[in-house]
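Taking it in order: structure first as structure tokens, then the write-up.
Numbering of ligands and ligand atoms starts at 1, following listing order. Excluded from the calculations below are hydrogen atoms, water molecules and symmetry mates; all remaining heavy atoms, backbone and side chain alike, are included.
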Amino acid sequence: MGKILVIGSSNTDLIATVKSFPAAGETIVGTTFFQTMGGKGANQAVAAHRLGGDVKFNTCLGRDANGRNAFKYYSKEGLDVSSSLIVDDIPSGTAIILVDEKGENCIVVNPGANEKLTSEYIYEVEKDIANADMVVLQMEIPYDSVKAVCDIASKYKKKIILNVAPARKVEIDLLKKVDVLIVNETEAEVLTEEKIEDIGEEAIINKLLKKGVQNVILTLGNKGCLFKNGNDLLKIPAFRVNAVDTTAAGDTFCGALAAELSREKDWEEILKFATAASAICVTRMGAQPSIPMEREIQEFLKKNDELHIK
Ligand code: RIB
């Protein structure tokens with residue numbers, strides 16, 4: 001099994017459920033409030049770890065109560081965070097999340113210590129990249145740090161999985177180094193400066209492949225996902241589930257994909273596994289509390305495969 005290194009953000013999520021999102025200037029009363037661990041990097045690392053991957057997670061935490069909780073939580077999970085940074089004078093990352101009755105969310109991220117995961121730190125942990133088989137990245141740490149990881153990983157010929165979330169523009173030189181690019185519709189549109197409704201899903205993937213990415217996955221929410229590389233085009237439909245909270249569905253997909261890729265499965269199996277993982281995730285509240293274990297996915301796939309929308 002290949003070794004997975006996730007380098008990215010960790011947040012404490014402060015979640016309020018609401019009937020519907022407030023308008024500007026409006027004060028509304030929430031229906032519930034709770035706090036859980038989140039952050040795109042951490043969610044992906046926890047997902048890959050719970051789903052059987054051999055995972056190391058490098059993040060940056062503040063020396064505050066949230067940072068201490070996070071460190072304890074990851075250690076209890078059995079996740080290796082031994083190369084992570086703890087910094088003074090800046091709070092750990094937080095995210096304020098509203099979830100409405102349809103399970104949709106609005107998120108405000110306060111990066112805090114995640115901004116201190118600098119490219120200087122990346123060069124200090126070069127050996128972690130050299131020791132891994134693949135690195136998994138998102139966009140909640142400084143862009144220069146993402147670039148530094150990609151430079152080092154490509155020097156050592158390691159696989160790079162990049163999830164361009166939150167959406168932003170990315171230089172072509174960086175995209176050329178990416179083995180697996182995972183984007184939702186908004187992220188694909190920002191990267192290509194095209195609209196899916198104008199050119200279609202496959203055409204937008206083709207634009208990304210033309211930029212030099214090896215494999216592109218376009219996630220389509222409750223429509224599943226579309227995969228394309230030089231040889232294959234695969235459409236994996238979503239599973240029919242009762243969604244209560246979509247937070248971390250994309251992260252769970254990415255972590256599950258990394259775990260299954262590290263077991264060298266074929267693309268159809270990898271994508272089905274990741275689709276099942278995110279289907280389970282949306283049936284539960286919160287980011288990390290909703291990430292399933294490997295056994296749950298096997299059971300879910302046995303039970304639900306015939307219900308898979310074709
Ligand atoms: O993708 C979901 C995550 O986005 C949340 O856990 C939150 O922390 C933000 O980073």
Quick one: do the Lys228 and Asn206 side chains pair a donor with an acceptor below 3.5 Å?
yes
Donor-acceptor contact below 3.5 Å, side chain Ser9 vs main chain Gly39
no
Got a donor-acceptor contact below 3.5 angstrom from the Ser145 side chain to the Ser119 backbone?
yes
Only heavy atoms of [X], strictly under 4.0 Å: list the atoms of ligand 1 that pass.
| X | answer |
| --- | --- |
| Ala287 | 6 (O) |
| Gly38 | 6 (O), 8 (O) |
| Ala95 | 7 (C), 8 (O) |
| Glu140 | 4 (O), 9 (C), 10 (O) |

Tell me, which protein residue and heavy-atom name are nearest [atom], and how many Å apart are they?
| atom | value |
| --- | --- |
| atom 2 (C) of ligand 1 | Asp251 OD2, 3.3 Å |
| atom 4 (O) of ligand 1 | Lys40 NZ, 3.2 Å |
| atom 3 (C) of ligand 1 | Asn43 ND2, 3.7 Å |

Which of the listed options, Asp13, Ile96, Thr94, Thr247, holds the heavy atom that is closest to atom 6 (O) of ligand 1?
Asp13
Under the criterion salt bridge (charged side-chain N to carboxylate O under 4.0 Å, His left out), which of Arg50, Lys303, Arg284 is the partner of Glu296?
Arg284
With sequence neighbours excluded, what pairs up with Phe57 under the ring-ring contact (aromatic ring centres under 6.0 Å, His included) test?
Tyr74
Verdict with reasoning, Arg263 to Glu269, per salt bridge (charged side-chain N to carboxylate O under 4.0 Å, His left out)
CA-CA 11 Å; Arg263 294 187 275 263; Glu269 271 182 285; over 6 Å; no
Using a cut-off of 6.0 Å, state whether more than 12 heavy atoms not belonging to Lys19 lie near its atom NZ.
no
Does any N/O atom on Gly39 come nearer than 3.5 Å to any N/O atom on ligand 1?
yes
